[in-house]
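Quick note on labels: first sequence line is chain A, next is B, and so on, each numbered from 1. Only a predicted model underlies this, so the values are computations on that prediction, with no experimental measurement involved.
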Number of protein chains: 2
Amino acid sequence: MPPTAADRATRELESRLLDGRYAAGARLPAERALADELGVSRGTLREAVQRLAARGLLASRVGSGVYVTDRLHGGLTSPWRQLLTEHPHLGKDMLEFRRVLEGEAAAFAAERATRADLTMLRGVIDRLRRARRDDDEAQEVLLDSLWHGAIATAAHNAMFGYLQANLLALHREHMAQNHAGLRFGDRAVAEALWQQHFALWEAIRARAPEQARDTMYAHIDFVRARLAPDAAGALP
Amino acid sequence: MPPTAADRATRELESRLLDGRYAAGARLPAERALADELGVSRGTLREAVQRLAARGLLASRVGSGVYVTDRLHGGLTSPWRQLLTEHPHLGKDMLEFRRVLEGEAAAFAAERATRADLTMLRGVIDRLRRARRDDDEAQEVLLDSLWHGAIATAAHNAMFGYLQANLLALHREHMAQNHAGLRFGDRAVAEALWQQHFALWEAIRARAPEQARDTMYAHIDFVRARLAPDAAGALP
DNA sequence: GCAGAAGAATTGGTCCGACCAATTTTGCCT
DNA sequence: AGGCAAAATTGGTCGGACCAATTCTTCTGC
């Protein structure tokens with residue numbers, strides 16, 4: 001017995017929940033749009049949503065939308081939210097971990113990116129270039145998130161996507177909380193970040209895993225140094 | 001917010017399952033008839049059925065009918081566990097991720113292990129050696145977990161320790177569920193695992209991060225190949 | 001200018017009617 | 001009796017339609 005359309009829709013939604021394309025708390029596209037995107041009728045899409053809702057992964061609110069519950073993501077990430085506020089030194093551990101995580105993700109992306117992935121990456125990098133030219137700080141911050149998320153997606157490993165989506169959110173939360181953002185105001189910093197992002201794009205496009213990893217390492221190291229100039233020297 | 005029609009239908013079906021009106025193995029009335037009986041449309045009735053089916057209480061067969069599952073126990077399984085069984089490729093992703101995670105942890109451990117860490121590691125490796133000599137399989141499995149955990153601890157990064165503990169548990173759960181454990185029974189395999197663990201110990205004790213990482217890579221690769229001999233060749 | 005209210009657009013919840021394919025039942029013919 | 005094909009039944013899917021709750025826009029009045 002071949003899988004039914006509802007089965008396939010359920011599986012697809014599960015995948016998107018797993019790899020972070022639908023992050024915790026996020027709102028899914030409207031049922032009509034999502035059904036169309038998945039190539040099924042709205043009734044079938046609704047059946048898939050009901051299944052996941054019954055398992056506590058989704059929750060729908062009339063008039064508003066379908067939202068991702070924190071049940072799945074809470075399991076691995078939520079304990080960190082509290083710990084991070086109470087033990088600021090964990091921020092260092094997170095950055096160190098992200099260096100490895102994103103470095104490997106970049107390498108995998110250079111290996112496995114599909115044409116669709118490359119198109120997506122190119123789209124983000126182009127918008128990033130435009131935002132940089134127009135000196136649109138807010139847009140740059142947003143696109144920075146998108147960029148790192150797109151790389152994780154292109155790595156084609158659910159674990160990387162999932163952790164990337166959740167840890168990045170956690171990290172930004174932590175930064176905002178400590179009023180310690182990147183100094184985008186500094187022109188030199190913004191320019192350096194752009195250079196690093198573009199170098200990353202070239203490495204992935206050229207399918208050079210080692211180069212992509214090293215470039216990402218350098219990028220995270222730069223961010224780390226810029227983020228906590230005081231603590232940087234104290235790193236073991 | 002008042003309960004929706006689908007909610008009421010779901011509750012009604014639950015009641016009938018609980019009080020035995022729909023016994024185990026029994027066939028429910030046809031959807032059209034049941035929907036009419038409950039005073040809802042077929043689409044709504046179907047959504048209720050999907051919810052219960054997602055919880056494993058019902059199963060529907062096209063052309064035949066909707067049947068009551070034999071096991072009425074509410075699923076106490078974590079969302080992750082269920083996803084892991086339904087998305088086999090996730091196991092591959094997890095192993096790939098663990099390779100990176102544990103490889104880096106081993107390298108950090110070689111760099112940062114304190115005297116106390118080394119004492120702990122030596123204790124585990126000694127007990128592992130003894131279990132190996134006595135051919136105590138159960139003990140070997142247990143100590144294997146301890147060993148990997150001890151390395152993550154010695155890495156002195158909370159993220160590594162946390163993820164190591166949780167992913168390893170998930171992975172073992174998954175293996176047990178699929179009756180697909182390592183063939184400890186095979187003497188050659190047990191011997192190889194011991195050699196790898198010992199090589200890891202030597203690399204960490206010698207404070208050789210690169211060597212520790214490479215050794216761990218080789219170890220995980222060995223486990224991966226042993227674990228899924230069929231899928232191993234299909235890895236991209 | 002700007003807060004607030006009225007209106008428009010969006011979104012999930014529900015129903016209806018229809019068609020398909022798999023399955024079961026029926027009933028005819030050998 | 002037994003085999004077998006037609007007919008009825010059943011779950012799976014689709015499209016359109018309407019409602020009520022929510023969110024987004026726009027216009028108003030101070």
Verify, without hydrogens or angle tests, whether B:N157 (side chain) and A:D93 (backbone) share a donor-acceptor contact under 3.5 angstrom. yes
Is a donor from one side chain sitting under 3.5 angstrom from an acceptor on the other, for B:D7 and B:T4? yes
B/S/- along nucleotides 7-19 of chain C (protein heavy atoms under 4.0 Å) is ----BBBBB--BB
Rounded off to whole Å, could you give me the CG-to-P distance for the A:L34 and D:dC14 pair? 13 Å
Nearest heavy atoms of A:L163 and A:F97, plus distance in Å: CD1-CZ, 4.2 Å
Strictly by modelled atom types, are B:H148 and B:Q164 linked by a side-chain donor-acceptor pair under 3.5 Å? no
With a sphere of 6.0 Å drawn around CZ of B:R11, does it hold more than 12 non-hydrogen atoms of other residues, nucleotides or ligands? no
